[in-house]
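Below, all heavy atoms of this structure are taken into account, side chains as well, without hydrogens, waters or symmetry copies. In listed order, ligands and their atoms are each counted from 1.
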Amino acid sequence: MSRLILKVAIDAPLRHLFDYLPLFNVPPPAVGCRVRVPFGRRSRVGLVVAHAPHAEVADAQLRHIHEAIDAEPLLTAPLLDLLHRAADYYHAPPGEVVVGTLPALLRTGRPAQLAPPFEWRLTNTAPAPDSVGRAPRQAALLRALAAGPRTEDDLDAELEGWRVTARTLASKGWVERAERAPEPAPTGAPPAAPTLSAAQQAAVDAITGASGFHAFLLDGVTGSGKTEVYLAAIESALAAGRLALVLVPEIGLAPQTEARFRARFGAAVAVLHSGLTDGERLAAWLAARDGRVGVLIGTRSAVFAPLPRLGLIVVDEEHDTSYKQQDGFRYHARDMAVLRARLESVPVLLGSATPSLESLAHAASGQYRPLHLHERAGSARLPQLHLLDVRHQRMTGLVSPALAAVMRDELAAGRQVMLFLNRRGYAPVLLCHACGWVPKCTRCDAHFTLHRARRLLVCHHCGSERPAPTACGQCQSAELLPLGVGTERIEADLATLFPDHAVLRVDRDSTRRRGALDAHLAAARDGRADILIGTQMLAKGHHFPAVTLVGILDADQGLFAADFRATERLGQTIHQVAGRCGRGEQAGRVLIQTHQPQHPLWQALLHGGYGVFARGLLAEREAAGWPPYSHLALLRAEAAGAQEALWFLGETLSLAAEFGHAGVELLGPVPAPSPKRAGRYRAQLLLQAHRRAPLHNLLRRWLPALAHLPAARQVRWSLDVDPVDTY
Ligand code: ADP
Ligand code: ZN
Ligand code: ZN
């Protein structure tokens with residue numbers, strides 16, 4: 001008897017699909033539809049990825065689905081194909097990929113339709129909030145609505161349990177629920193696009209002239225007008241009735257990018273990032289799927305968003321490591337963007353002032369077509385980079401007298417200064433002057449960082465916090481010394497050095513509140529701050545026209561890191577930070593404080609620019625056999641005991657030897673660089689191969705067997721293909 005088996009992907013850490021029977025007497029759900037299925041003793045939401053004539057399991061174990069959720073496929077065939085290939089390439093459980101990349105509300109089985117947005121508002125008979133003083137919840141809701149109507153999503157975010165209160169108030173006739181009027185269309189003509197330079201126009205022509213799949217690497221210095229190239233290429237896609245997907249690294253960058261795209265394309269722009277509420281995410285995802293969006297701008301996971309009639313994919317700041325998902329399904333969004341473009345036969349445009357070595361190697365080998373913008377747009381010039389030898393200098397914190405003097409001149413001329421230090425907090429170590437005691441996070445075996453303003457010790461490895469002590473935990477002495485310097489301490493030093501100038505700190509601590517980053521960036525842009533001090537966060541993509549001086553306070557740490565990618569990152573960071581200055585009328589200068597002025601890396605970076613520097617690094621990578629000239633996979637394991645992770649990895653090594661691993665070197669197992677984190681001991685095994693095929697062949701046979709190893713029950717393990725952090 002022929003029958004139909006549904007192959008269902010379920011978000012579970014199991015490397016296979018699950019077989020179910022359809023319901024009786026109704027047509028079976030199509031491929032791409034969600035179903036609710038019995039799973040163990042509970043029920044789960046899964047997605048049908050195939051129909052098959054046979055089951056993998058015995059008849060007695062086959063169960064019927066509980067319910068078909070979607071009448072129409074949620075995912076289109078090309079997108080399902082992309083997800084399949086992604087799961088295959090990253091050796092990830094198919095359910096984690098197919099279901100795990102859906103918006104949260106779809107994963108829980110919510111219908112794939114937009115509920116019309118409802119809002120609540122006051123009626124004419126509503127009393128003043130204070131007059132219901134004895135009913136604080138009612139007063140709170142009345143007060144919230146007194147400021148204007150609120151959508152149910154807003155209220156969910158603002159007032160816990162508001163629905164019950166709203167019903168009470170509605171029964172008194174004080175508030176009412178109504179469908180929300182659509183936003184008024186923006187008025188006024190969109191700003192005119194600038195006339196493109198010859199180099200910009202050549203890049204646009206190359207992209208718009210391409211038919212089918214082509215990968216372009218737009219290698220353009222900071223401020224060279226890459227974004228204008230994206231906008232022009234997208235305009236041409238939209239004119240042809242196609243949609244565009246734009247990936248950006250982080251939400252911090254998105255507001256500015258979003259504003260520029262909205263200015264050009266108006267209501268056709270939608271955004272998708274992790275700063276949205278679940279409801280907003282679902283709305284954006286559905287709008288994209290239904291083709292009601294012209295340009296979808298999103299972070300990492302947007303690469304898996306459904307878009308009919310896709311015409312172009314743009315990956316801005318393609319070198320940025322935040323494109324790599326670091327837990328769960330560990331994919332690289334840039335690589336997935338290229339794969340997706342190939343599967344959908346559309347061009348993909350990767351842009352950066354500091355391209356990754358991977359992409360430069362692809363450009364050199366002809367896989368990507370390089371496009372160059374060598375000069376800044378308009379009248380802006382590229383900044384000059386200088387080293388400041390700080391040996392023997394009397395420093396104020398991390399600021400040398402030479403840097404302070406240049407800062408003083410710039411500030412006196414009414415210009416802005418930006419200082420960069422990639423270490424947040426006040427001081428990375430607190431030390432007892434009387435007995436040497438140092439407070440440590442016992443879960444990580446790591447020093448606590450002192451965050452003085454918040455009066456906390458924070459572990460930067462696991463995030464745990466505790467009140468900062470006022471006395472030594474060992475000898476009760478009150479003489480506790482903060483050692484080392486973080487951004488918070490620099491902020492305090494600057495207040496002493498430059499008492500007449502406003503200092504603004506931008507890091508993860510100072511931008512904790514929703515909206516704080518936007519507010520800080522606005523203050524920086526419109527000149528309410530004279531000196532900006534920040535971490536990586538301040539380095540990325542921002543446009544501050546009045547900044548003419550950038551000081552890099554402590555660059556040397558990047559020279560000594562153990563990770564083989566550390567120098568690449570250092571070079572990228574310095575160029576990106578440098579790129580923030582001299583974007584207006586005035587030329588910019590970058591001062592790099594170092595104790596190692598003779599280091600060859602500085603010479604390459606200062607004299608040749610990023611291109612020469614990157615070519616040098618590529619030669620080193622090739623000689624040492626590191627990526628992009630080899631391929632890596634990292635098997636990580638962690639356990640409650642000190643040895644189990646190493647034992648487990650030892651067993652995996654023996655298993656690989658049994659299978660045979662010609663063409664793949666296995667390095668390790670070794671304890672991880674931070675061997676203990678959040679109370680668990682970590683170890684790793686690195687797999688390296690010159691060609692991808694032997695590596696993936698081994699992984700395909702080896703991974704399914706790992707769960708059956710004797711030590712597997714005591715460890716949690718994960719595989720990272722093309723790891724970005726190997727340390
Ligand atoms: P990038 O993305 O490479 O950093 P942007 O596209 O942000 O560069 O451009 C930097 C600045 O130069 C922006 O203010 C932009 O409006 C301006 N700009 C870009 N292209 C041109 C052009 N062809 N003519 C005049 N100004 C331009
Ligand atoms: Zn002490
Ligand atoms: Zn910790």
For this session: Only heavy atoms count here, so choose which of Gln201, Lys226, Glu228 is nearest to atom 1 (P) of ligand 1.
Result: Lys226

Exercise. Does Arg565 come within less than 4.0 Å of Glu358, counting only side-chain N to carboxylate O?
Worked result: yes

Problem set entry | Of the listed options Glu317, Arg260, Arg580, Arg376, closest to atom 7 (O) of ligand 1 (non-hydrogen atoms) | Arg260

Exercise. Given side chains that start at C-beta, do those of Val221 and Glu375 come closer than 4.5 Å, heavy atoms only?
Worked result: no

Exercise. Is any protein N, O or S atom closer than 2.8 Å to the Zn ion (ligand 3), and if so, which?
Worked result: Cys441 SG, Cys444 SG, Cys459 SG, Cys462 SG

Seminar exercise, completed: So CD of Glu644 and CZ of Arg716: to nearest 0.5 Å the spacing works out to 13.5 Å

For this session: Starting at CG of Asp205, measure out to CG of Leu371 and round the result to the nearest 0.5 Å.
Result: 10.5 Å

Exercise. Cationic tip of Arg580 within the cone over Phe544's six-membered ring, i.e. under 6.0 Å and within 45° of the normal?
Worked result: no

Exercise. With backbone taken as N, CA, C and O and side chain as the heavy atoms from C-beta onward, which portion of Val229 lies under 4.0 Å from ligand 1: side chain, backbone, both, or neither?
Worked result: neither

For this session: Flag the pair Leu350 / Pro355 as yes when at least one side-chain heavy-atom distance between them is below 4.5 Å, and no otherwise.
Result: no

Problem set entry | Identity and distance of the protein heavy atom lying nearest atom 14 (O) of ligand 1 | His543 NE2, 3.7 Å

Exercise. Can you list the atoms of ligand 1 that are under 4.0 Å from a heavy atom of Ser197?
Worked result: 23 (N)

For this session: Hey, can you tell me if Tyr610 and Phe613 have their rings parallel, tilted or perpendicular (30° and 60° cut-offs)?
Result: tilted

Problem set entry | Best match, Ser352, Ala199, Ala353, Pro194: closest heavy atom to atom 25 (C) of ligand 1 | Pro194

For this session: Could you find the nearest protein heavy atom to atom 4 (O) of ligand 1 and give me its residue, atom name and distance?
Result: Gly223 N, 3.0 Å

Problem set entry | Distance-only polar pair, side chains of Thr354 and Gln576, donor-acceptor under 3.5 Å | yes

Exercise. Among pairs that include at least one residue of residues 414-425, which meet salt bridge (Lys or Arg N to Asp or Glu O under 4.0 Å), considering only residues two or more places apart or in two chains?
Worked result: Glu410-Arg415, Arg423-Asp554, Arg424-Asp509

For this session: Look at atom 2 (O) of ligand 1 and say which protein heavy atom is nearest, naming residue and atom and giving the distance to 0.1 Å.
Result: Thr227 OG1, 2.7 Å

Exercise. Just by distance, with hydrogens left out, do Ser359 and Glu318 show a side-chain donor and acceptor under 3.5 Å apart?
Worked result: yes

For this session: Heavy-atom distances under 4.0 Å are what count here, so tell me which part of Ala377 touches ligand 1: side chain, backbone, both or neither.
Result: side chain

Problem set entry | Carboxylate-amine/guanidinium proximity below 4.0 Å for Arg454 and Glu465 | yes

For this session: Take the Zn ion (ligand 2) as the vertex and measure to SG of Cys472 and SG of Cys435; round to 10°.
Result: 110°

For this session: Below 4.0 angstrom from a heavy atom of Thr195, which ligand 1 atoms are there? Numbered from 1 as shown, please.
Result: 22 (C), 23 (N), 24 (N)

For this session: Write out the residue and atom name of the closest protein heavy atom to atom 8 (O) of ligand 1, then the distance separating them to 0.1 Å.
Result: Gly225 N, 2.9 Å

For this session: Verify whether the ring centers belonging to His319 and His575 lie closer than 6.0 Å.
Result: no

For this session: Indicate whether the side chain of Asp507 and that of Thr487 have a donor and an acceptor atom separated by less than 3.5 Å.
Result: yes

For this session: Give the residue and atom name of whichever protein heavy atom lies nearest to atom 20 (N) of ligand 1, and the separation in Å to one decimal.
Result: Gln200 NE2, 3.0 Å

Exercise. Any N/O of Gly378 closer than 3.5 Å to an N/O of ligand 1?
Worked result: no

